[in-house]
Protein chains: 2
Amino acid sequence: MGKKNITFSDIAKYTGFSKTTISRYFNNPDSLTLENQQIIATALEKLNYKENKVARILANGKTEFIGIIIPNLYMHYYSEILNQILKTYDSFGYKFLVFTGDDHESTERKYIQELLAYKIEGMIILSHTIPSIELASYNIPIVTIEREDQYVSSVNTDNYMGGVQATSLLAKTGADILIHINADIPKQTPSYERIRGFSDICKEYNIPHEMILTDTGHTYDETSRILKDLLETIDTKYKRKTKGIFLPNDTFANIMLNHLIQKYGCLPDDYKIIGFDDSPVSREAIIPISTVGQQIDKIALSAMELLNEQIEERHKRKPTLSVEPTHKIIPPILINRKTTLPVER
Amino acid sequence: MGKKNITFSDIAKYTGFSKTTISRYFNNPDSLTLENQQIIATALEKLNYKENKVARILANGKTEFIGIIIPNLYMHYYSEILNQILKTYDSFGYKFLVFTGDDHESTERKYIQELLAYKIEGMIILSHTIPSIELASYNIPIVTIEREDQYVSSVNTDNYMGGVQATSLLAKTGADILIHINADIPKQTPSYERIRGFSDICKEYNIPHEMILTDTGHTYDETSRILKDLLETIDTKYKRKTKGIFLPNDTFANIMLNHLIQKYGCLPDDYKIIGFDDSPVSREAIIPISTVGQQIDKIALSAMELLNEQIEERHKRKPTLSVEPTHKIIPPILINRKTTLPVER
DNA sequence: TTGTACGCGTTATCAT
DNA sequence: ATGATAACGCGTACAA
C-alpha cells in the first residue's frame, strides 16, 4: 500500500489504450502489434505495475489454488509427499494452500470449508478422518493419497506388492520362521494390504510364520518398550531358528535392530530384518536396514496429474459429471541392504 | 459449478433484505435483530450459500494469506518449522501459500512475485538465496528464520549459546581435547555463531581444542566417507586422550557414532560426542546422542507473532513506516543423553 | 436497524 | 487490432 496500486486503468490512461487492450497484453499479446506491446511494456515498467491475481480470479474464476490437508509433517513420509507435491508448481503452476489435519473430523471439515471459500480448484487429501463419501459430496476435483478412497480418485502404493516383496526377501535369506509385527489396523486402510501380502506368500510357499497384530504404542519410548518385550518373546520362542522379521516401518525396524545390537553386540546371523518406507533412518541406522521404498515422487506426480485432468475436464464442456473415480497404484521398490543377508550355512 | 453460485443478492432477494444487510450478518451480526439473523441464517441454509472469500478480498483488501518460502522439506528442521507454522492457523487464522525454494535466486524471485500477485499480507522466508536488503525492498511484512537478516525482522536460535552449551557439556565430561568439525560456512550465517561459541569457551577455559573447518560433502555417502577419514586422523593424532567431538548436526553425529561402533563394537569411553538440532535420528541412534535442541515451536510462534504485529500495524493508521527490524533470539535447549557420559576415572 | 450506490481490478462479450 | 460496457461477489461510506 505504498499509496495506491497501479491498475489497468492507470496503464490505459497513460498509454492511451483501453483497459481491454492492457488485459490483452497479458492474456493474448499476439493480438497486439509489436510496437504497441512495447509501448505497454515500458508503461508497465515506468508506472511499476504489479499484477493482482485476486481481481483476475473474481473475473475469470480460475484461482489455480489447490488445497492440501495432510496429517502432519513430522513423519518423513508426509513431509516428503508434500515436498514432492510442492515441486510440481514448476510444471503445473498450481499454488498450494496447506493445512495440517489434527485428527479431528470437525476441524478438518472447517479447513475444507475455508479452502472452498477461497475457490480452490481441487484438493489433495492425505488425512484419514473424513470418509471419502463425504469428500465426494463436495463436488470438486479430489485426489487422496494412501487412505480410504472408495468414492474419490486416489493414488496408492501397491502395498500388497510391498508386503510380498518384503516377505519374499526375508524368505530368500533362508529364515526358518517369518514374523510380521503390526498394529491391528482396519482392513480398509491401504497398508492393510501389506499384511495380506505377507500372509499370502507365507501360505503359498508353506513358510512357517507368525503374525503379531498388537498395540504398538503411541510414542517412541512406548514402541521401543513394546518391541523389546516382543523381541524377548521371539528370542526364547524360536531359540534355534533363524527369524525373519518384517516390521511395518523403518522406525520400528531400527528400534528392533538397536535392541538386538544392544543385546548381542551385533546383528546375529539368525535375525533378518526388513522395514518399510525407505525413510532416512533406514539408511542412517548402525547397520543399513533393508526396506521397501515408496516412490514418493511418482505418487505425488500421479496425484497432480489425476487432479489436473479432473480440473481441466471441468473447465471445458458440460460437466461430463461424476465419472467413476480413478485409482492409481504405484509399485514400491525393494531396497536390499545389510539386514537381510543370506544365512551362512 | 453446480449451476451457479448463490450470492448475497440471491439471499437478499429471498429474504427481502438488501445485500448490505446480508453482508452485515457476516461481519457485524449484532447490528441485526436476533429474529432477522435467524431469517437470514435459515435462508443461507435453504439456498445452500457458500461464502466467496475471493470477492471479499477484492472488496476489503484482506487476504489473510501468508507466503512461505522454505528451502526443502526433506531436512527435518525445515519440515518441523513448517509443521509448527501451519499449526498457528488455529490461533491466527492466516492461510499459508507454500513454496519450496530451489536455491536459484531467480526462481525464488519468481515465487515472491507470484505471492505478491495474490496480495499476501506477509512472508516468512527460510531460504537463503535472496539477500535481506532485497527482501526489505518488497515493502511488505517479512520475517526470516535462521538466515541472513540484516534488513528484515527475524527469528533465530541463539546459536552462540548453543555452541557454548555443547562445548561446556563436552568439557564437563572430562575430555582432554575438544574438536569441532564443520563446513567452512560464511560468517554472516546464523549458525556460524556455534563455531564462535565453541571457540570462545575453549579459549576462555584454556581447553585444548581443534577446529576442523572443511568440506563435509553434499550427499550422505560423501559425508560418511569424509567423517570416517576424519575419525581415523583424530584417532591416531589423539591416541591417549579423551576426545570430545562437537558435530554441526545430528546426522553427522550419528554417522560418527556409527563409525566408532563399527570400529570398536561400542562407543569407547575416550570418545564423547554431541550433535545439534535434536532431530529424530539423535534419539533413534544406537546410542541416544546428546544434542542441542532448537525450540522449533517457539521459533515458529515468534515468527508469526512478529509478522502479525507488522501486519496489524499496517492495517491501521499511517505507515509508521520503516520501523527498525526486530531480531528475536530463541534459546536452545541442551539435551544430555548417552554420548556425553563423564569419563570414568 | 436497514438500504443505496459505488468501488475493488480484472476478464468476457459484443461491437467496430 | 482495439474499445465500451457489463459482469465477478462482496464491503463501505453515506443516507435514511
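So that the names make sense, note that chain A is the first sequence line, chain B the second, and so on, each numbered from 1. Basis for what follows: all heavy atoms, side chains included, without hydrogens, waters or symmetry-related copies.
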List, with names and distances, any nitrogen or oxygen atoms from the protein found under 3.5 Å away from nitrogen or oxygen atoms belonging to nucleotides 12-16 of chain D.
unit_1, atom_1, unit_2, atom_2, d
D/dT12, O4, B/T20, OG1, 3.4

Quiz item: Which part of the nucleic acid, if any, lies within reach of B/F17 when heavy atoms closer than 4.0 Å are counted: base, sugar-phosphate only, or nothing?
Solution: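 Result for B/F17 = sugar-phosphate.
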
Exercise. Looking at every strand, decide which applies to A/Y49 at a 4.0 Å heavy-atom threshold: base, sugar-phosphate, or nothing.
Key: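 Here A/Y49 touches the backbone only, sparing every base.
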
Practice problem: Not counting sequence neighbours, which residues clear salt bridge (charged side-chain N to carboxylate O under 4.0 Å, His left out) with A/K53? List them please. | Solution: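 Checked A/K53 against salt bridge (charged side-chain N to carboxylate O under 4.0 Å, His left out); matches are B/E114.
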
Practice problem: Taking salt bridge (charged side-chain N to carboxylate O under 4.0 Å, His left out) as the test, write out the residues that go with B/E105, two or more places apart. | Solution: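 Partners of B/E105 by the salt bridge (charged side-chain N to carboxylate O under 4.0 Å, His left out) criterion, ordered by chain and then number, come out as B/R109.
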
Practice problem: Would you mind telling me which residue lines up with the more 5' stretch of DNA chain C, B/T21 or B/A55, judged by nearest nucleotide? | Solution: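 Going by which nucleotide is closer to the 5' end, it is B/T21.
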
Quiz item: How would you list all residue pairs meeting side-chain hydrogen bond (donor to acceptor under 3.5 Å, both in side chains) that involve residues 59-77 of chain A, not counting sequence neighbours?
Solution: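 For residues 59-77 of chain A, and leaving out neighbouring residues, the side-chain hydrogen bond (donor to acceptor under 3.5 Å, both in side chains) pairs sorted by first residue read A/E64-A/K95.
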
Practice problem: Please find the earliest and latest nucleotides of DNA chain C, in the 5' to 3' direction, that have an atom within less than 4.0 Å of any heavy atom of chain B. | Solution: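 So the outermost contacting nucleotides come out as C/dT1 to C/dG9.
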
Exercise. Calculate, to the nearest 0.5 Å, the distance between atoms CG and CD1 belonging to A/L135 and A/I112 respectively.
Key: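 One finds 5.5 Å between CG of A/L135 and CD1 of A/I112.
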
Quiz item: Parallel, tilted or perpendicular for B/Y89 and A/Y111, by the 30°/60° rule?
Solution: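 Aromatic pair B/Y89/A/Y111 classed perpendicular.
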
To the nearest Å, give me how far apart [atom1] ([X]) and [atom2] ([N]) are.
X     : N     : atom1 : atom2 : answer
A/I39 : D/dT2 : CD1   : C1'   : 13 Å
A/N36 : D/dT2 : CG    : C1'   : 9 Å
A/N28 : D/dG3 : CG    : P     : 15 Å
A/F8  : D/dC8 : CZ    : P     : 19 Å
A/I22 : D/dG3 : CD1   : P     : 8 Å

Self-check item: Close side-chain approach of A/I120 and A/I66, heavy atoms under 4.5 Å
Solution: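 No, every pair of side-chain atoms sits at 4.5 Å or beyond.
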
Quiz prompt | Side-chain heavy-atom pair A/I130, A/I125 within 4.5 angstrom cut-off | solution =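 The answer is no, as the side chains (C-beta and beyond) never meet within the 4.5 Å cut-off.
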
Quiz item: Which ones in residues 40-48 of chain B lie close to DNA chain C, meaning a heavy atom under 4.0 Å from one of its atoms?
Solution: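 Contacting residues: none.
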
Exercise. Using the test side-chain contact (heavy atoms from CB on, under 4.5 Å), find all partners of A/T326 that sit at least two apart in sequence or belong to another chain.
Key: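 A/S153, A/L306.
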
Quiz prompt | Residues in side-chain contact (heavy atoms from CB on, under 4.5 Å) contact with A/N28, at least two apart in sequence or another chain | solution =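 Applying side-chain contact (heavy atoms from CB on, under 4.5 Å) to A/N28 gives A/D30, A/S31.
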
Quiz prompt | Within residues 40-62 of chain A or reaching into it, pairs that qualify as ring pair (Phe, Tyr, Trp, His ring centres under 6.0 Å) - sequence neighbours excluded | solution =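 Residue pairs with at least one partner in residues 40-62 of chain A: A/F8-A/Y49, A/F26-A/Y49.
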
Quiz item: Under 6.0 Å between ring centres, would you say that holds for A/F17 and A/Y25?
Solution: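 A/F17 vs A/Y25: aromatic centres not under 6.0 Å.
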
Quiz item: To the nearest 10 degrees, how far apart in direction are the end axes of the helix from C/dT1-D/dA16 to C/dT16-D/dA1, each fit to five base pairs?
Solution: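 For the helix from C/dT1-D/dA16 to C/dT16-D/dA1, the axes at opposite ends meet at about 30°.
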
List the atom pairs, with distances to 0.1 Å, where a side-chain N or O of residues 36-43 of chain A and a protein N or O form a donor-acceptor pair under 3.5 Å, not counting sequence neighbours.
unit_1, atom_1, unit_2, atom_2, d
A/N36, ND2, A/T33, OG1, 3.2
A/Q37, NE2, A/P29, O, 2.9
A/Q37, NE2, A/L32, O, 3.3
A/T42, OG1, A/Q38, O, 3.2
A/T42, OG1, A/I39, O, 2.8

Quiz item: With sequence neighbours left out, what residues match B/S302 under side-chain hydrogen bond (donor to acceptor under 3.5 Å, both in side chains)?
Solution: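 For B/S302 there are no side-chain hydrogen bond (donor to acceptor under 3.5 Å, both in side chains) partners, ignoring immediate neighbours.
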
